[in-house]
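Notes to accompany the following structure.
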Amino acid sequence: MPTPYDDMWEKLNLDLAAHEGLLQVLGKFYGDIYLTQEGRLKGMEYLDFVLSEVHGLRIKELQEAKAQGRKVIGTFCVFVPEELVLAADAVCVGLCAGAEIGKEAAEKILPRNTCALIKSFVGFKLSRLCPFIESCDLVVGETTCDGKKKAYEIFDEYAPVYVMEIPQMKQTCDRELWKAEVRRFKERIEEVAGKEITAARLKEAIKLGNRRRRVLQRLNQLRTAVPTPISGRDVLLINQVSFYDDPVRFTAKIGELCDELEKRVKAGEGVVPSGTPRLMLSGCPMAVPNWKLPYIVESSGAVIIGEESCIGTRNIRDLVDESGDTMEEMLEALVDRYLRIDCACFTPNKERLQNIVSMAKDLQVKGVIHFALNFCQPYAIEAFKVGRALEAAGIPMLSIETDYSMEDVEQLKTRVEAFLEMVR
Amino acid sequence: MTANSPLVAGIDIGSRSIELVLLQDGQVVHWDLLPTTFDPLGQCRSLLDRVRAARIVATGYGRKLLLENLDHPEIAAITEIQAYALGARRLFPGVRTILDIGGQDTKAIALTMDGTVSKFEMNDRCAAGTGKFLEFMAVALQVPLEKFGDFALQADRRIQISSMCTVFAESEATSLMARGESPANIAMGLHLAIVSRTLAMLRRVGVTPPVLFAGGVAHNPCIRTLLEESLGESIQVPEQPDLVGALGAALYGQKLVANE
Ligand code: SF4
Ligand code: SF4
């Protein structure tokens, strides 16, 4: 079917036929998982719209921005300080990597035992399916896990890649390294964007980044009401969309959605009956359209009220200190904020264990489901310690390892249901 | 037995067979089983048509199929994990650890003192280490499945087969055969491989005695012997190890009736 965007996609060198297939699958998947929900907030219509236009209107906006001389910077990890991108008047898009569609192409150049997320972004590029990647003037990688680190070397042959070095520990010398990396990144962004990052601009960008984090924090606060006023799937979607939507518009829209949510909470309305067991997810990021596990959990009679993940609280928990005025003070503030990220790539990573336990306690969840992508060593190995920390706190945990394919859905359902029978 | 106390059915729809247990006043009054075939729903219907159950509880991988397709006013579903826990405690009240090896999956379940599930493990999507593996290997060695355990017990030495993947294990077995290893020794090696994999799963939930071994593979005397050897203690095997899930489902149904 022709669409108003065909010309644009063609210019971006997408494989049009395969791309149409992707959009159809995505649309069907979204319909089944999202549009079948009852009692959704009116405010979710915005998200439905954004998602339906994810490769359309949003890409058009990016092309328009590019026509005005603004640059588009793609990122894969919440470690990349977005504030610097925004301060250079560039557009920052978090590249998702949650679909299985390019897997075959990816496996031609990557070992089969590579995590699904890495296969996905490489596969998207090789199969020419992602208009975001194709719009990027720079793709920022990072030295987090070995899989990504080595995959960027290959990706570099297909896209303009820049890699930030992320330390593996959090000692004083690591902070020094990280600070040097933040500076180096600032310079590179200025060069690509052709604009100087001034203190005044950076200050604005820091405030904007924080505003978006605050609105998501507000959402996370409101969702804890009993009865649960919004599904975990919907909150996950909002978090996912935060990575590629325009930050100012997104913050305003989610603010409105929160107002609506607040009314609902006051009226004591919920999307599930009040006795529904409440769970928390923890682990690897779930990128669009990886809604598999939340869907299984929520169609098994539970509801998710927290995501300890990069597409979740890890991305919004900590704000950047806004008090600095000089460039130096602000860079310091960025360095501190980003080093607080408790990704499993760090060693040791006690903060994450503490954060998970205190989050589970605050939310008073019945249990935690730990999610690791197959072949993701950092998270899969850390799952053991997470389980022990939660056990010591008297909170049951179910550890799941899976990927984007649908073949294990029945087995996962059994495990999730058995877990629910156990914690109820 | 009063004429009007209701019949409660538990039905366990597994990948190989479907079992039915009927309870009345807490006693098993009837049981039956059929192979799953390609028409599990039809098989369930023929099992259920023979009885008049006031309430049905389904378990096993086909539980949803029945729940969604059987037109019965009182039907519910529980997972195999819970069904096995309930069934096992009924047969052996003190049991703390359950191992179930079925046609396509293996489960290890830890129970608290009062019989609730405290931890469980299941194999992932691969059938390695399940009944399917034994079935496949029995065919490869041309031994009837029911005799496979006894056959392996005739081994005169223990060889190691390292591959748990059905395809690789078969080629490993073939090359052993080519080197003149006796079929019984190879069969033993295959049984040992399953047991070592199962033990790893059991240890992840923790092995607190008494241990109950259920599921179709519990019929196999070689697996039983090897498990006891490695655990260093005796394990309980119910008289009809395939019925534990269906029994548990029926017991759950009875609880539902009692709560009404
Ligand atoms: S999980 Fe780690 S590597 Fe992945 S996005 Fe988060 S911080 Fe980056
Ligand atoms: S999920 Fe794990 S293996 Fe995959 S990119 Fe993230 S950290 Fe690396």
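Here the structure is a predicted model, which means the values were calculated and not measured. Note on naming: letters A, B, ... go to the chains in the order of the sequence lines (proteins, then strands), and numbering restarts at 1 for each one.
Around the NZ atom of Lys64(B), the shell of radius 6.0 Å holds more than 12 heavy atoms that belong to other residues, nucleotides or ligands. Residue Asp114(B) qualifies as enclosed at atom CG: its count of foreign heavy atoms under 6.0 Å is above 12. Around atom CD of Glu107(A), more than 12 heavy atoms belonging to other residues, nucleotides or ligands sit under 6.0 Å away. More than 12 heavy atoms of other residues, nucleotides or ligands sit less than 6.0 Å from atom CZ of Arg40(A). Applying the 6.0 Å contact sphere to CD of Gln37(A) captures more than 12 heavy atoms from other residues, nucleotides or ligands.
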For residues 381-397 of chain A, run the donor-acceptor check on the side chains, cut-off 3.5 Å, and write out each pair with its distance to 0.1 Å, sequence neighbours left out.
residue   : atom : partner   : partner atom : Å
Glu382(A) : OE1  : Asn349(A) : ND2          : 3.4
Glu382(A) : OE2  : Asn349(A) : ND2          : 3.0
Glu382(A) : OE2  : Arg352(A) : NH1          : 2.7

Would you list the atom pairs, donor with acceptor, under 3.5 Å between side chains in residues 358-367 of chain A and any protein atom, with sequence neighbours excluded?
residue   : atom : partner   : partner atom : Å
Ser358(A) : OG   : Gln354(A) : O            : 3.3
Ser358(A) : OG   : Asn355(A) : O            : 3.4

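For Lys107(B), no part lies near chain A; criterion is any non-hydrogen pair under 4.5 Å. In this structure, the portions of Glu417(A) lying under 4.5 Å from any heavy atom of chain B include both its backbone and its side chain. Contacts of Leu398(A) with chain B are made by side-chain atoms alone, with heavy-atom separations under 4.5 Å and no backbone atom involved.
Atoms CG and CD, from Leu65(B) and Glu410(A) in turn, are 9.5 Å apart once rounded to the nearest 0.5 Å.
Between Met422(A) and Val117(B) the shortest heavy-atom distance is CG-O, 3.1 Å. Between Arg415(A) and Phe120(B), the shortest heavy-atom contact is O-CZ, 3.4 Å.
Ranked by non-hydrogen atom pairs under 4.5 Å with chain A, the options Arg63(B), Glu121(B), Lys119(B) are led by Arg63(B).
By the side chain to side chain contact (heavy atoms under 4.5 Å, CB included) test, Phe92(B) is found to be paired with Val95(B), Leu212(B), Gln236(B), Pro238(B), residues two or more places apart in sequence or in another chain being considered.
Residues of residues 75-91 of chain B that come closer than 4.5 Å to chain A, counting heavy atoms only, are Ile78(B), Thr79(B), Glu80(B), Ile81(B), Gln82(B), ordered by residue number.
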